[in-house]
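Values below: every heavy atom of this structure, side chains too, minus hydrogens, waters and symmetry copies.
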Amino acid sequence: MAKAYALLRAGFPYLTTLGMRRVTSFATDLAIGDEGRLYVLCRAEIAPHIRKLNWEDEDLGTIDGPFVWPASLVRDRAENLYVSDEGAHTIQAFTRDGELLAKWGKFGTAPGELNRPSGLAFDADEHLFVADTQNHRIQKFAKDGSFCAAWGGFGNAPGELNMPWGITVDDAGDVYVADWRNDRVQKFEASGRFIMSIGRTGSGEGEFNRPSGVAVDEHGDIYVADRGNNRVQLFDHRGRYVEKFIGDATLSRMGRQYVLANHKTLRLREMTTLEPQKRFRAPTSVRFDSEGRLYVADQGSHRIQVYRKDALALTPDQILPEQAAPTLMTT
């Protein structure tokens with residue numbers, strides 16, 4: 001990844017909200033499709049499924065599995081969908097229309113076996129990295145499920161893992177892992193060599209309470225779903241804290257239609273305090289697209305919140321060298 005030397009960070013405004021309870025119930029993860037399609041992994045009240053939406057917030061139906069307790073959802077270049085199922089210790093692959101292509105994996109600790117797999121991420125060659133959560137390791141597979149490699153092990157030292165959850169791979173092939181029980185994000189080479197760690201337990205800037213999702217954008221900025229702190233945190237490519245998102249939701253299009261059709265719900269919303277309704281509740285996953293949009297799976301509120309990045313990449317001749325005591329008060 002050719003990271004920007006520096007950025008003029010102009011803002012990161014809220015863009016829109018998609019989905020609602022009963023449609024995207026317990027939205028746990030999402031995959032961004034082509035032509036405005038969006039796939040939302042729902043740990044619904046009755047039966048887990050994948051809900052298909054578009055940018056007009058229209059319900060396009062479901063892919064129904066079968067799933068036991070799905071955890072993560074990614075797409076390949078052909079827009080086939082891959083789902084980790086921690087309840088069944090398997091990975092399943094579907095076409096975007098819901099046809100089952102493959103199912104592989106079994107419970108165990110041997111290479112290629114799984115124990116409650118969660119996060120999924122493809123690299124540039126479409127190898128699939130899997131957060132093998134209860135085995136406290138990362139495994140790499142071919143798309144057909146053939147085992148390629150594994151690394152990691154239980155612990156809290158640099159490079160060790162304790163229930164890894166979210167995972168992503170940047171353009172350079174480096175792997176970022178939301179190290180759930182260690183309250184940190186770790187960065188590795190694809191071979192598993194440790195590069196750096198971000199965060200510690202807490203609720204302050206740069207601290208985490210059970211981070212569950214991670215994404216990296218074209219500038220190398222790192223986004224972390226800080227689930228237990230009900231927020232998303234943004235770090236630059238060196239791991240420096242930049243800002244946080246706490247939720248700014250409005251009613252989605254389908255949410256407005258539902259409320260307008262229910263007189264009691266409409267009256268209750270008119271009477272309530274709206275500020276808490278905007279905020280994240282246990283955000284579980286973050287995704288970033290090529291249009292500069294940040295998607296947050298707001299699991300506890302059964303919706304997707306979307307922001308758009310506004311930043312300009314700078315070259316060394318456009319900005320002074322780093323200062324010893326940074327402040328904007330003197331400018």
Side-chain angles (χ1 to χ4, degrees), residues 1-15 32 74 77 119 121-127 129 138 158-159 166-179 183-200 204-208 211 213-226 229 231-246 248 283 285-296 305-331:
M1 176 182 293
K3 301 178 180 68
Y5 175 77
L7 292 174
L8 170 57
R9 298 180 182 276
F12 220 128
Y14 159 81
L15 184 60
I32 303 160
V74 292
R77 281 193 287 268
F122 279 113
D123 67 10
D125 297 321
E126 295 207 303
H127 292 110
F129 286 81
I138 305 302
I167 187 171
T168 196
V169 181
D170 69 17
D171 291 345
D174 293 329
V175 181
Y176 302 72
V177 180
D179 192 2
D183 291 323
R184 64 187 179 186
V185 170
Q186 297 197 76
K187 179 181 178 181
F188 301 88
E189 292 182 353
S191 63
R193 189 185 75 84
F194 171 79
I195 298 175
M196 72 172 183
S197 180
I198 303 171
R200 61 183 181 182
E205 293 181 354
E207 297 176 338
F208 298 120
V214 59
V216 180
D217 72 15
E218 63 178 355
H219 301 129
D221 280 348
I222 304 162
Y223 305 83
V224 183
D226 187 9
N229 283 323
R231 65 186 181 184
V232 171
Q233 296 196 71
L234 165 59
F235 303 83
D236 70 12
H237 67 272
R238 296 164 295 186
R240 180 185 66 87
Y241 171 81
V242 176
E243 64 176 311
K244 66 183 177 183
F245 306 86
I246 61 173
D248 296 278
S285 175
V286 283
R287 301 289 183 186
F288 205 90
D289 72 9
S290 60
E291 302 297 321
R293 294 180 296 221
L294 172 68
Y295 301 73
V296 182
Q305 293 200 47
V306 188
Y307 293 79
R308 188 192 296 275
K309 186 177 187 178
D310 186 359
L312 178 66
L314 302 174
T315 59
D317 62 340
Q318 292 178 297
I319 187 173
L320 286 175
E322 292 189 2
Q323 305 296 292
T327 177
L328 289 174
M329 295 300 292
T330 59
T331 61

I need the [X] [atom1] to [Y] [atom2] distance, nearest 0.5 Å.
X: Leu8; Y: Leu314; atom1: CG; atom2: CG; answer: 6.0 Å
X: Ile246; Y: Asn229; atom1: CD1; atom2: CG; answer: 12.0 Å
X: His127; Y: Phe129; atom1: NE2; atom2: CZ; answer: 8.0 Å
X: Asp179; Y: Ile198; atom1: CG; atom2: CD1; answer: 12.0 Å
X: Gln305; Y: Asp248; atom1: CD; atom2: CG; answer: 6.5 Å
X: Glu243; Y: Asp236; atom1: CD; atom2: CG; answer: 11.5 Å

Can you name the residues that form a ring-ring contact (aromatic ring centres under 6.0 Å, His included) with Phe245, not counting sequence neighbours? Phe12, Tyr307
For the backbone of [Y] and the side chain of [X], can you confirm whether one donor and one acceptor N or O come within less than 3.5 Å of each other?
X: Gln233; Y: Gly206; result: yes
X: Asp170; Y: Ala172; result: yes
X: Glu126; Y: Arg77; result: yes
X: Gln186; Y: Gly159; result: yes

Only one of Ile167, Ile195, Val177, Asp174 passes side chain to side chain contact (heavy atoms under 4.5 Å, CB included) with Phe188; say which it is. Val177
Are the side chains of [X] and [Y] in touch, meaning some heavy atoms are under 4.5 Å apart?
X: Ile32; Y: Phe288; value: no
X: Arg287; Y: Val74; value: yes
X: Arg308; Y: Leu294; value: no
X: Lys244; Y: Leu234; value: no

Side chain to side chain contact (heavy atoms under 4.5 Å, CB included) between Val175 and Thr168: does it pass, once the steps are laid out? CA-CA 6 Å; Val175 181; Thr168 196; over 6 Å; no
Which atom names give the shortest non-hydrogen contact between [X] and [Y], and what distance separates them?
X: Phe208; Y: Pro211; answer: CB-CD, 3.8 Å
X: Ser285; Y: Ala225; answer: N-CB, 4.0 Å
X: His237; Y: Asp221; answer: N-OD1, 4.3 Å

Closer than 4.0 angstrom, basic N to acidic O: yes or no for Asp310 and Arg9? no
Is Asp217 paired with Lys309 through a side-chain N to carboxylate O contact shorter than 4.0 Å? yes
Output, in order, the C-alpha distance, side-chain angles, deciding distance and verdict of side chain to side chain contact (heavy atoms under 4.5 Å, CB included) for Val214 and Ile222. CA-CA 7 Å; Val214 59; Ile222 304 162; 3.9 Å; yes
Check the pair Arg231, Glu207 against salt bridge (charged side-chain N to carboxylate O under 4.0 Å, His left out), reporting the backbone distance first and the verdict last. CA-CA 11 Å; Arg231 65 186 181 184; Glu207 297 176 338; 5.9 Å; no
Do the two ring centres, one from Tyr14 and one from Tyr295, sit under 6.0 Å apart? no
